[in-house]
Each structure stands twice: as C-alpha cells, then as structure tokens.
Novice: 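What follows is a single structure, and I will ask about it in a moment.
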Amino acid sequence: MNIAYPTPAALSPDTIARFRAIVGEKYAVTDQADVHQYVTEDRNLFRGTSPLVLRPGSTAEVAAICKLASETRTALVPQGGNTGLVGGQTPYGGEVVLSMRRMDRLRDLDTESNTMTVEAGMILQNAQARAAEADRLFPLSLGSEGSCTIGGNLSSNAGGTTALAYGVAREMALGLEVVLADGRILNGLTKLKKDNTGYDLRNIFIGGEGTLGIITAATLKLFPKPRAVETAFVGLKSPDDALKLLAIARNEAAGSLTSFELIANIAVDFSVRHGIGVRDPLQSKHAWYVLMELSSMREDARATLEAILERAFEDGIVDDAAIAENLNQRQAFWKLREEISPAQKPEGGSIKHDVSVPVAAVPVFIAEANAAVLKLMPGARPVPFGHLGDGNIHYNVTQPKEGWTAADFLARWHDVNEVVFEVVLRMGGSISAEHGIGRLKAADLPSVKDPVAIELMRSLKAMLDPLGILNPGKVLLAVER
C-alpha cells in the first residue's frame with residue numbers, strides 16, 4: 001500500500017465568501033500574517049498553509065460550516081488551543097482551519113449532579129477555575145492547561161498528572177454535543193451516569209482527534225474539592241525503588257494518591273539549568289526522583305504522606321525527601337516538573353515518545369530502551385520522565401553533546417522510534433499513551449494496531465465522514481490499494 005496524502009482543492013473566491021458569511025467578516029481570517037499562528041505549532045515540527053481560518057461562535061455556525069464543507073468538498077481541520085504534540089491540529093496545506101476558541105461559554109454548572117457543561121473552546125484552566133468557584137474540582141491537569149481547550153483535551157483523550165486517581169479525559173466526560181461532517185448535530189449532553197440505551201456514541205468521538213466529528217460542548221464530571229493537598233519531592237536510586245514506593249503509597253493512601261511522577265536525574269538537571277526560577281528541592285543529586293501528591297477530604301493527608309515516607313526510609317527505598325510546607329513550595333515542585341519539556345530545547349534536538357507499558361514493566365522498559373537507543377546512537381541522552389502511576393512514560397531522547405547538529409539528529413527520528421517502539425510492543429504497551437496519533441504516528445498505526453481494529457476504524461471513518469473532509473491525513477492515512 002502507498003500512502004496518499006490529502007491534497008485539498010483550491011477554494012474559489014465564491015466558496016470563501018460563503019464560508020465568511022457564516023461567521024461574519026470579523027471572524028474569518030485570510031491575511032496570511034494572521035493565519036500563521038494557526039498553521040504552525042510551538043515545536044515547529046508541523047507546518048502547513050490555509051487559505052482561511054474560521055472562528056465560529058456557536059454550534060449552529062459549526063453545523064453550517066460543515067454542511068457547506070460537505071457540499072463543496074472542502075477539507076476542515078478542527079483546532080482548539082493549538083497545543084497538540086502530534087500535529088493533529090495542523091493542516092497539511094490547503095484545508096480550512098476551524099478554530100473553536102470563541103466557543104468558550106459555561107452553559108451549566110450543577111453542584112447537585114456534580115456536573116459542568118462547557119463549550120469546546122473553554123481553556124482547561126478556566127474550566128478548573130469555574131469548578132473551584134463552586135467548591136468543586138475538575139481534576140484534569142496538563143502542562144498546557146493555560147492554553148489547551150476542553151474540546152482538544154477530549155478529542156485527544158488527554159491524560160495528565162492526575163490520571164492515576166481520576167482517569168483520563170474519556171473518564172471525565174458524561175456527554176457530548178458533536179457536529180457531524182454533513183452538518184447534523186448529535187445532542188448527547190447528558191448528566192446521567194447510568195444510561196444503557198444502546199451504543200455509547202460519546203466514546204467514538206473522544207480520542208477521535210476531530211476525524212469523525214467536531215466536539216462543540218461537553219458535560220463534565222466534577223468532584224468534591226480536596227480539603228488537604230500534600231506534595232513531596234523524593235530522591236531515590238532507581239525506577240525499581242520508585243515502583244516499591246508507589247506500592248507503599250497505594251497501600252497507605254489508597255484513593256487519595258493523586259499524582260506519582262517519575263523523573264530521571266538528567267531531566268531535573270535540564271529543568272534546573274534552563275528553567276526560570278527552578279531549583280532542586282533536595283540538598284544533593286540523586287539518580288532518580290519522584291514527585292508525589294496526596295489529595296484528601298480529611299485533614300490527615302500530611303500524616304499519611306509522612307507515614308509513607310517513613311516506611312520507605314526504613315525499607316531503604318528512599319534516600320532523601322522534601323515535603324512542601326506551603327503553596328509556594330508545592331508550586332515550585334510542580335514548576336520543576338512542568339519545565340522539563342521546554343528545558344530540553346536549549347540542549348538541542350529531542351526525539352519524543354509518549355508511550356505506556358504495564359506499570360510493573362516500567363523499570364525494565366526504561367533499561368532496555370536506554371540500551372537500544374545507545375546501541376543505535378552512542379552518546380545520545382535519554383530523558384525519561386512521566387506518570388509512573390499509570391505506566392505512561394515520556395521517553396525523550398536528546399541529541400549527543402558533540403558531533404551532531406539538531407537537523408542531523410532529528411533526521412534519525414524514525415530509526416529511534418523503531419528501536420523504542422520494539423521494546424514498548426514487546427512489553428504489551430502502546431506507542432501513544434496520551435498525546436494521540438495525529439500526523440506524527442499515523443504511518444505507524446497500522447503496524448502496531450490489531451488489523452481488525454484498523455478495519456473497524458476505517459469503517460467508522462467511511463460511515464461518519466464519507467467524503468473524508470474532517471481532519472484528513474490524521475490518525476488514519478488514506479491508502480491506495
């Protein structure tokens with residue numbers, strides 16, 4: 001099979017005028033200087049072009065856009081905060097970009113049902129804030145929460161740092177409103193936790209990356225706001241010790257253990273070296289670190305955390321630890337963690353992997369992936385970190401210190417992927433844990449996914465988007481037989 005990348009036809013002036021009329025002149029962007037921000041992304045890995053960016057303000061406008069797109073066979077690329085890491089939000093060239101950021105209203109907040117209905121363009125941080133105003137918690141938390149949107153979070157089935165306790169985005173949504181490719185509106189905004197009336201259509205669109213329909217609103221689950229949050233930064237010798245600490249924490253804290261991040265020494269070094277105002281909370285360096293957090297409705301979270309660490313010290317698992325004494329210290333711990341990704345940029349080219357393996361296999365995965373990468377490319381610098389509690393490791397590889405340009409290093413992206421993915425798949429893991437497939441991994445998907453699953457995915461795509469106008473070239477590549 002040969003991959004056939006989408007080549008959208010040029011839009012006629014009449015078609016552009018018809019699209020502009022739907023949203024109004026103010027919200028139709030054609031000046032290429034203004035379009036630029038919508039067709040590139042922060043890492044500059046994916047770039048495209050677009051003759052038109054539409055910024056609808058209502059579900060009705062999105063429906064009208066899709067109806068006209070179907071009539072004229074115009075390809076659309078839905079976009080939220082443009083923070084995606086796999087190119088799912090970036091056009092190849094020629095598609096119309098559909099920016100959802102104007103649709104950011106809170107439609108309903110129900111503290112009795114513990115639900116909140118928001119439009120797809122609401123910034124995640126704003127959704128968290130609106131929940132907090134009602135003394136509730138919306139627990140999804142990502143490094144990009146100040147700019148990513150709820151629609152994007154759901155379309156990519158985002159994970160984040162609290163998935164250990166609350167699950168991923170899929171588990172935080174009760175219902176969706178979705179515009180289909182032909183302009184029909186699926187109204188599935190329900191507050192019900194129990195609804196056994198047939199197929200769960202919601203889960204077709206969550207994680208669909210805008211290839212099956214465009215999410216315009218969602219009813220989200222809310223939770224009681226924790227009364228106590230305690231955070232510790234821990235130094236230890238190995239991922240095996242981190243796994244032992246995780247077992248102790250789960251036994252002692254049960255459901256109040258909300259985050260458990262594993263961080264390699266090199267990642268801490270990068271963050272401290274390049275992050276603004278970042279410092280190592282511990283007095284001496286350690287081979288590995290854990291950032292763990294407990295959130296509880298009771299006031300005993302501090303005692304529980306201290307008991308976990310005391311047991312770990314007694315068992316020789318932990319070498320050092322610091323507990324945040326106030327909000328500023330807690331934020332400083334998390335800033336170190338959040339700066340890891342941007343801090344890799346000054347070190348040169350970085351080949352990224354967002355993978356998952358069974359939790360118990362994480363130490364072996366890291367060891368074997370390190371060995372495979374260094375055999376392929378001596379001098380390369382693996383930078384593993386991520387969510388040990390759910391087996392999701394961001395296994396990044398930074399270019400060697402000497403002898404390589406960033407361009408030469410990044411040209412080996414596929415080679416490095418190949419050896420890392422081999423280890424992941426051998427351990428029963430996934431090549432995409434929380435970032436999605438997008439453009440980055442679309443060519444890899446058929447070789448790692450069950451062939452029957454791929455067949456069913458293609459069937460769904462053909463049924464819901466028969467003209468192939470929704471985010472073409474993402475997740476499932478077109479093929480020529």
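If you're wondering where the values come from, they're calculated on a predicted model, not measured in any experiment. These numbers come from the heavy atoms of this one structure, side chains and all, not from hydrogens, waters or symmetry mates.
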Novice: Please name the pair of heavy atoms, one in G473 and one in A442, separated by the smallest distance, quoted to 0.1 Å.
Specialist: O-CB, 4.2 Å
Novice: For Q89, what residues pass the side-chain hydrogen bond (donor to acceptor under 3.5 Å, both in side chains) criterion, not counting sequence neighbours?
Specialist: N82
Novice: N471 side chain to G88 main-chain N or O, any donor-acceptor pair under 3.5 Å?
Specialist: yes
Novice: Is the shortest side-chain N to carboxylate O distance from K67 to D182 below 4.0 Å?
Specialist: no
Novice: Please test E133 against K225 for salt bridge (charged side-chain N to carboxylate O under 4.0 Å, His left out), starting from the C-alpha separation and ending with a verdict.
Specialist: CA-CA 10 Å; E133 290 168 3; K225 190 175 179 182; over 6 Å; no
Novice: Kindly write out the residues that satisfy side-chain hydrogen bond (donor to acceptor under 3.5 Å, both in side chains) with Y395, not counting sequence neighbours, or none if the list is empty.
Specialist: N370
Novice: Do any side-chain atoms of residues 443-456 form donor-acceptor pairs under 3.5 angstrom with protein atoms, and if so which ones, sequence neighbours left out?
Specialist:
unit_1: S447; atom_1: OG; unit_2: D444; atom_2: O; d: 2.8
unit_1: D450; atom_1: OD2; unit_2: V452; atom_2: N; d: 3.0
unit_1: D450; atom_1: OD2; unit_2: A453; atom_2: N; d: 3.1

Novice: Got more than 12 heavy atoms from elsewhere within 6.0 Å of CZ, R107?
Specialist: yes
Novice: If we ignore hydrogens and angles and just use 3.5 Å, is the side chain of T190 paired with the main-chain N or O of L192 as donor and acceptor?
Specialist: yes
Novice: Whether the side chain of T162 engages the backbone of P139 through a donor-acceptor N/O pair (distance < 3.5 Å, no angle test) should be reported.
Specialist: yes
Novice: Here's a test for you: under side-chain contact (heavy atoms from CB on, under 4.5 Å), which of V39, V77, V97 qualifies with V53?
Specialist: V97
Novice: Is the number of heavy atoms from other residues, nucleotides or ligands under 6.0 Å of R105 CZ greater than 12?
Specialist: yes
Novice: Quick check for you: to the nearest 0.5 Å, what is the distance between L262 atom CG and I366 atom CD1?
Specialist: 5.0 Å
Novice: Could I get the full list of side-chain hydrogen bond (donor to acceptor under 3.5 Å, both in side chains) partners for D14, not counting sequence neighbours?
Specialist: none
Novice: As an exercise, state the distance from NZ of K352 to CG of N396, rounded to the nearest 0.5 Å.
Specialist: 4.5 Å
Novice: Under the criterion side-chain hydrogen bond (donor to acceptor under 3.5 Å, both in side chains), I'd like the reasoning laid out for T219 against T115: C-alpha separation, chi angles, the key distance, then a yes or no.
Specialist: CA-CA 6 Å; T219 299; T115 62; over 6 Å; no
Novice: Please give me the minimum heavy-atom distance between L470 and A181, naming the atom from each residue.
Specialist: CD1-CB, 3.7 Å
Novice: Over all heavy atoms of both residues, which pair between L164 and D390 is shortest? Give the atoms and the distance, please.
Specialist: N-OD2, 3.7 Å
Novice: Any donor-acceptor pair under 3.5 Å linking the side chain of D110 with the backbone of N114?
Specialist: no
Novice: Among residues two or more places apart or on two chains, list those pairs meeting side chain to side chain donor-acceptor pair (under 3.5 Å) that have a residue in residues 398-416.
Specialist: T405-D408, R412-D415, W413-N417
Novice: Just do the side-chain hydrogen bond (donor to acceptor under 3.5 Å, both in side chains) check on E177 and T59 with the steps written out, would you?
Specialist: CA-CA 9 Å; E177 178 185 82; T59 301; 2.5 Å; yes
Novice: Would you sort out whether S432 and S430 count as a side-chain hydrogen bond (donor to acceptor under 3.5 Å, both in side chains), showing the intermediate values?
Specialist: CA-CA 5 Å; S432 180; S430 169; 5.6 Å; no
Novice: H394: which residues meet the ring pair (Phe, Tyr, Trp, His ring centres under 6.0 Å) condition with it, sequence neighbours left out?
Specialist: F385, H387, H435
Novice: Using the side chain to side chain donor-acceptor pair (under 3.5 Å) rule, collect all pairs that involve residues 147-156, keeping only residues at least two apart or in two chains.
Specialist: none
Novice: Looking at E293 and T231, would you say the former's side chain and the latter's main chain have a donor-acceptor pair under 3.5 Å?
Specialist: no
Novice: Closer than 3.5 angstrom, by distance alone: can the side chain of S356 be matched with the main-chain N or O of A433 as a donor-acceptor pair?
Specialist: no
Novice: For F421, which residues count as a ring pair (Phe, Tyr, Trp, His ring centres under 6.0 Å) partner, sequence neighbours excluded?
Specialist: H353
Novice: Among L222, L154, L140, find the residue that satisfies the side-chain contact (heavy atoms from CB on, under 4.5 Å) test when tested with M172.
Specialist: L140
Novice: Can you list the residues that meet the ring pair (Phe, Tyr, Trp, His ring centres under 6.0 Å) rule with F223, with sequence neighbours excluded?
Specialist: Y166
Novice: What residues form a side chain to side chain contact (heavy atoms under 4.5 Å, CB included) with E422, not counting sequence neighbours?
Specialist: R426
Novice: Calculate, to the nearest 0.5 Å, the distance between atoms CG and CD1 belonging to L76 and I214 respectively.
Specialist: 5.5 Å
Novice: Donor-acceptor pairs are to be reported for all side-chain atoms of residues 271-278 against protein atoms at under 3.5 Å, with residues two or more places apart or in another chain.
Specialist:
unit_1: S271; atom_1: OG; unit_2: L336; atom_2: O; d: 2.7
unit_1: R273; atom_1: NH1; unit_2: E347; atom_2: OE2; d: 2.6
unit_1: H274; atom_1: NE2; unit_2: E347; atom_2: OE2; d: 2.7

Novice: Applying side-chain hydrogen bond (donor to acceptor under 3.5 Å, both in side chains), name anything that partners R55, two or more places apart in sequence or on another chain.
Specialist: none
Novice: Okay, side chain of Q344, backbone of I340: is any donor-acceptor separation there less than 3.5 Å?
Specialist: yes
Novice: Is it true that a side-chain atom of K441 and a backbone atom of G436 form a donor plus acceptor pair closer than 3.5 Å?
Specialist: no
Novice: Could you state the interatomic distance from CZ (R73) to OG1 (T15), rounded to the nearest 0.5 Å?
Specialist: 13.5 Å
Novice: For Y92, does the six-membered ring have the charged nitrogen or CZ of R439 within the cation-pi criterion, i.e. under 6.0 angstrom from the centroid and within 45° of the normal?
Specialist: yes
Novice: Donor-acceptor pair, distance only, cut-off 3.5 Å: does the side chain of R170 make one with the backbone of I206?
Specialist: yes
Novice: Do T40 side-chain atoms and H36 backbone N/O form a donor-acceptor pair below 3.5 Å?
Specialist: yes
